[in-house]
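These notes concern the structure reproduced below.
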Amino acid sequence: MIKYTPQYLKKLEDLLKENNYDVRYEKGNFRSGYCIVEDKNVVVVNKFATVESRIQALFEIAQILLSQGRLLNDTQKIILKGSKNATVVEASYIAADLQEETAAEPSI
């Protein structure tokens, strides 16, 4: 379920940045509210859009990049393979939780 909060928007931005995509908010006349410049790994979102519209645009971009195989680190790929119902962002949260748990475990 998508949460329309500034914190959720930041998580989506971070997910794209972790995968080497630059997220920019610019003035533009985009029909869908965003543009993807694939050669330069740049995502441009309409800067006049509301937080809800920005989240929807970034979520849609993440889904497109996921389907093209251009998104996700190894941990997230493993999680998505195991859970057919997981969305990109849910996988990101799960991957972050797993990394925190493994970092907290004492080494033997």
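For clarity, every value in this text was computed on a predicted model and none was experimentally measured. Sequential numbering from 1 along the given sequence is applied to the chain's residues.
Taken from CG in Leu66 to CG in Asn19, the straight-line distance is 10.0 Å, to the nearest 0.5 Å. Expressed to the nearest 0.5 Å, how far CD of Gln7 lies from CG of Leu12 amounts to 12.0 Å.
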Can you list the steps and then say if Phe59 with Arg54 is a side-chain contact (heavy atoms from CB on, under 4.5 Å)? CA-CA 8 Å; Phe59 189 79; Arg54 289 179 181 193; over 6 Å; no
Would you list the atom pairs, donor with acceptor, under 3.5 Å between side chains in residues 43-52 and any protein atom, with sequence neighbours excluded?
| unit_1 | atom_1 | unit_2 | atom_2 | d |
| --- | --- | --- | --- | --- |
| Asn46 | OD1 | Phe48 | N | 3.0 |
| Thr50 | OG1 | Ser53 | N | 3.2 |
| Thr50 | OG1 | Ser53 | OG | 3.2 |

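Counting heavy atoms from C-beta on, the side chains of Glu13 and Tyr25 come closer than 4.5 Å. Using a 4.5 Å heavy-atom threshold, the side chains of Asn41 and Asp22 count as separate. The side-chain heavy atoms of Leu15 and Lys11, taken from C-beta on, include no pair separated by under 4.5 Å.
Nearest heavy-atom pair across Leu65 and Tyr21 is CD2-OH, 3.4 Å.
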